[in-house]
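Working notes, structure below.
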Protein chains: 2
Amino acid sequence: MSDTRRRRVPRPVREQQIIDAAIQVFAKRGYHAASVDEIAELAGISKPMVYLYLDSKEGLFLACLRRETERLVAAFQAAAGEAHSPELRLQSGLDAFFTFVTEHRASWVVLHRQASELSPAIAAEMAQARRAVMEQVAGLARAGIADNTGGTRLDDEEADFVAHALVGAADTLTDWMERHPEESPERMTLRLMNMVWVGMRNVLEGEVWTPGEAGTTGG
Amino acid sequence: MSDTRRRRVPRPVREQQIIDAAIQVFAKRGYHAASVDEIAELAGISKPMVYLYLDSKEGLFLACLRRETERLVAAFQAAAGEAHSPELRLQSGLDAFFTFVTEHRASWVVLHRQASELSPAIAAEMAQARRAVMEQVAGLARAGIADNTGGTRLDDEEADFVAHALVGAADTLTDWMERHPEESPERMTLRLMNMVWVGMRNVLEGEVWTPGEAGTTGG
DNA sequence: AAGTAAACTTACTAAATAGTAACTTTACTG
DNA sequence: CAGTAAAGTTACTATTTAGTAAGTTTACTT
């Protein structure tokens, strides 16, 4: 309402608007089915502007990928950095993740659900972005469990296993969240921690689950 | 070597070969980037045959989706059906899942990593296929936990939460498996059960994880 | 060994769309 | 109030690729 006909937007602002639009369209259609024309239209400009500012469709996608990865990792780190124990850091980090995904659903789709159909250059950058997220979680898992058990340290392989399981669970749980809009990110985190935390300790303590011993360890 | 120039294959056989090829190409390139020409060439025939037998690109993709979903669900059910307790059924089911994914990696990519970029018709079928898999796991989770705790029953919402977390974890763990080829499906299942099973019981028993109580319940 | 139906091909059309060349318009500066 | 650089446009090309029409070849029957 402040300015209905605000043409002539300065470049840095326009670039972000283009990326905003691109994220929506990429998420909705997928990389190939997304047309640069549609992105340009949603951004309120014509196609050549997109090419002038972002070089190519691939460059545009990479810009989206970079910006959103940065935002997600920043949110995760900011949240985890505030907490005082490793366990609380994992909680805060998961919380930040669910909050981010709730508020930027399209971003997450772009970041995570475009595994195939991409050029090698994009695939490489994608893998790296994924590794960055995974490394955050793996770090917390490793530190958290080591702390709880008094010094024993998960080796990188096991921490990585845990991180993959956690990120995967969190990812798919975003589908569940869509059908349960009443569920807050905080409650999502609690539920997931409930499911996973005790088990994570078990893995480390050698308290192995074995088929057939159902119910003998608990309650 | 049995027959170097085996032209003129009967239709049912050729159809399966086309679907085989399509799965590889769809998994490698994604739905849109995959060209019917490439699929035809990989199948050892020319493009019009694909259209004659499978109607359209969409029909071809749906055929892939249906056949592989059927196979996965069948493998899961067969494995789970053999076991005698709900807990063992979940174990067997997970085991079957990891085995399937190991042996048919491309199928899993097609089934699971093509969320966007699809026509409404395909998206609908995809969602249904996903629900079928999810329902298997949710059923086992519900039954398994109810059994262990002596009759208390997870409501559908919670069983669904658990199922989403499990399927999501298993999905992303396939990435981890790729970098750990020495890890058998059986060991994957054990690790995941270790991480998750005790926690699942906790969720149900109201043994709530709360921030700050780290390490008070365990060893 | 014809006859025939199923298996298969070549060679096209039509549409979509990434990317560009050549231009026009606005806002700001001296 | 010119001059100019940044912001923006229209109108094209070149390529890719889903889908088809019209024809050819092989295997199997009688």
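Here the closest heavy-atom approach between residue L173(A) and residue A165(B) is recorded as CD2-N, 3.9 Å. Of all heavy-atom pairs spanning T172(B) and M134(A), the tightest one is CG2-CE, 3.9 Å.
R179(B) has its side chain within reach of H164(A): a pair of non-hydrogen atoms, C-beta onward, lies under 4.5 Å apart.
Judged as a salt bridge (Lys or Arg N to Asp or Glu O under 4.0 Å), the pairs with a partner in residues 42-62 of chain A (not counting sequence neighbours) are, in order, D37(A)-K47(A).
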Could I get a table of every N or O pair under 3.5 Å where one atom is in the protein and the other is in nucleotides 16-20 of chain D?
unit_1	atom_1	unit_2	atom_2	d
dA18(D)	OP1	A34(B)	O	3.3
dA18(D)	OP1	K57(B)	NZ	3.1
dA18(D)	OP2	V36(B)	N	2.8
dA18(D)	N7	K47(B)	NZ	3.2
dG19(D)	OP2	Y51(B)	OH	3.3
dG19(D)	OP2	K57(B)	N	2.9
dG19(D)	N7	K47(B)	NZ	3.0
dG19(D)	O6	K47(B)	NZ	3.0

With the criterion being N/O to N/O and under 3.5 Å, what pairs connect the protein with nucleotides 4-7 of chain C, and how long is each?
unit_1	atom_1	unit_2	atom_2	d
dA7(C)	OP1	R11(B)	N	2.9
dA7(C)	N3	R8(B)	NH2	2.4

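Ring-plane geometry between Y31(B) and F61(B) is classed as perpendicular, the angle between the planes exceeding 60 degrees on a 0 to 90 degree scale with a lower cut at 30.
Atom CZ of R29(A) is separated from atom P of dA18(C) by 12 Å (rounded to the nearest Å). In this structure, CD1 of I45(B) is placed 16 Å from C1' of dT24(D), rounded to the nearest angstrom.
In this structure, R191(B) forms a cation-pi arrangement with F161(A), its terminal cationic atom sitting closer than 6.0 Å to the ring centre and no more than 45° off the ring axis.
Ionic pairing of D160(B) and R131(B) is not present here: no N-O contact between side-chain nitrogen and carboxylate oxygen is shorter than 4.0 angstrom. Comment: E70(B) does not engage R66(B) in a salt bridge, judged by the lack of any side-chain N to carboxylate O separation of less than 4.0 angstrom.
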